[in-house]
Structures are given as C-alpha cells and as structure tokens.
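Heavy atoms only: backbone and side chains are in, while hydrogens, waters and symmetry mates are out. All chains are named by letter (A, B, ...) in the order of the sequence lines, taking the proteins before the strands, and each is independently numbered beginning at 1.
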Amino acid sequence: QSALTQPASMSGSPGQSITISCTGTSSDVGGYSYVSWYQQYSGKAPKLMIYDVSNRPSGVSNRFSGSKSGNTASLTISGLQAEDEADYYCSSYTSSTTVIFGGGTKLTVL
Amino acid sequence: EVQLVESGGGVVRPGGSLRLSCAASGFSLDDYGMSWVRQAPGKGLEWVSSINWNGGNIGYADSVKGRFTISRDKAKNSLYLQMNSLRAEDTALYHCARGAVAGRWAYGTDVWGQGTTVIVSS
C-alpha cells in the first residue's frame, strides 16, 4: 500500500499559521476517524500531537489542531514558533487492518 | 513514570533472526493496544505491526507479513517482535509504542520508546 501523501517541505514565519495536508483514499483517511499526527525532532522519538483526527493529547499546545475532509486530513499550527521546526508525519488506520504513514513534511520556521 | 524500553537489536546476516523486546513500566500492557514502528536511516516512519489491547486483533505491514510475529507477555509486561528471514531492507531503528486510548487498537500512539537498532548485513 502506498504511503499517504504529504508535502515534502513547508515553511512559515513566526506568528503565522500553516496547514500541512495528508491525502489518502476512502480505504484509509476517508474511511475512518483514526488519523494521527506526529512531530519528530532529528534523532528523537516521534511525539503524538493529534489522534482520532482532532483530539489533542494532554500536554500538547492548543496551537496544534487537526481536521479532515473527505480523503484529506490536515494539521494546522497557529502562531508558529521556532520550536515548531521539525518533521511532521500523519498516519491512518486502513481497511486492511494496518496503519499507513505519510512520507513526512519538513517544517522550517523562517 | 510511563516508559517503554526496547532491547534485542543488533547486527545479523541476511536470512537470520532476531527477537526484539519492549519492557513497559508505569502501566499495564494488557490495557492498551501496542505497535512496532521502524525508521530506516534518513527515512520516514514505517508501521510494522500492531496488536489489540486483548491480543485478539493483529496486523502486519505487507513488507513483513509471514516473516515477523508480534506477541506480548502479561507476566513480564512486555511486548515482542520475532523477526525471521531478515533482509537488508529491514535495517532500521525499531520503536515500540503504546496506543493513545486504552481498551482498543493502537490507532494513534502516545508513548514511544527510544528504539533498538537492527542492522542486516553480510
């Protein structure tokens, strides 16, 4: 199964809002409310930022929000900060009882 | 403190086997779905396998199906990944991770170990 489609890189200035997209199919993103988003700094384990499309784990800043429309999920980061510079991955449950990740988006804060 | 610690990685020849372990502390493995996720050097995250909170539902990536087996030991509060017929493309850092919500599959994972490195090379 092919990976979910994310932009390879994005950039934004401090204070701005950015939205990272994650496109799949009706067999994964579009078919289930089980989309998650992870933040990963170089050399570190991933950190869960959003689960079940739009739920934030305890301790995650409310500047991070998630949504879904059809086969595309989105992660929005508002009030961009330097510490948000990292790689971001989406994932989704699939109809084959598997999980699929996106290819990752490298976010640069200018 | 909730924690996951992986072990068992190493260097193995193509065709060989390894068994990864993931020791959980601060929570009961039986209450959560668990996953193995790997990351090859310089590459993105790749899901490997997951097991339901009660062990009744297991899934594998196509790339490892038939070669890898996920299991758990309630008494040791540990998760395992038996890896057979290893290939060069299995070389990666392997993380175990806990499902974000108790009592279901690991749809999203909120606790991650630091990982154990597997290198498959002749």
Toward chain A, the part of B/Gln39 with a non-hydrogen atom under 4.5 Å: side chain
Which atoms of B/Val37 approach chain A - backbone, side chain, both or neither, heavy atom under 4.5 Å: side chain
Side-chain heavy atoms of A/Tyr51 within contact of B/Val101, under 4.5 Å: yes
Within one Ile-Leu-Val-Met-Phe-Trp-Tyr cluster: [X] and [Y], side-chain cutoff 4.5 Å:
X       : Y        : answer
A/Leu4  : A/Val53  : yes
A/Trp37 : B/Val111 : no
B/Ile58 : B/Met34  : yes
A/Tyr88 : A/Val29  : yes
B/Val64 : B/Leu79  : yes

Sub-6.0 Å ring centroid separation between B/Trp112 and A/Tyr38: yes
Minimum heavy-atom distance A/Ala45-B/Gly113, with the two atoms named: CB-O, 3.7 Å
Non-hydrogen atoms of A/Ser36 and B/Gly108 that approach each other most closely: OG-CA, 3.2 Å
Region of A/Pro46 that comes under 4.5 Å of a non-hydrogen atom in chain B: both
Chain B contact via A/Asp87 - which portion, at a heavy-atom distance below 4.5 Å: neither
Selection from A/Val35, A/Asn55, A/Leu48 maximising heavy-atom pairs under 4.5 Å formed with chain B: A/Leu48
OG-CG distance between A/Ser91 and B/Leu45, expressed to the nearest 0.5 angstrom: 9.0 Å
Nearest-0.5 Å distance, OG1 of residue A/Thr98 to CH2 of residue B/Trp47: 5.0 Å
Stepwise side chain to side chain contact (heavy atoms under 4.5 Å, CB included) test for A/Tyr34 and B/Arg104: CA-CA 12 Å; A/Tyr34 295 130; B/Arg104 65 177 203 181; 3.7 Å; yes
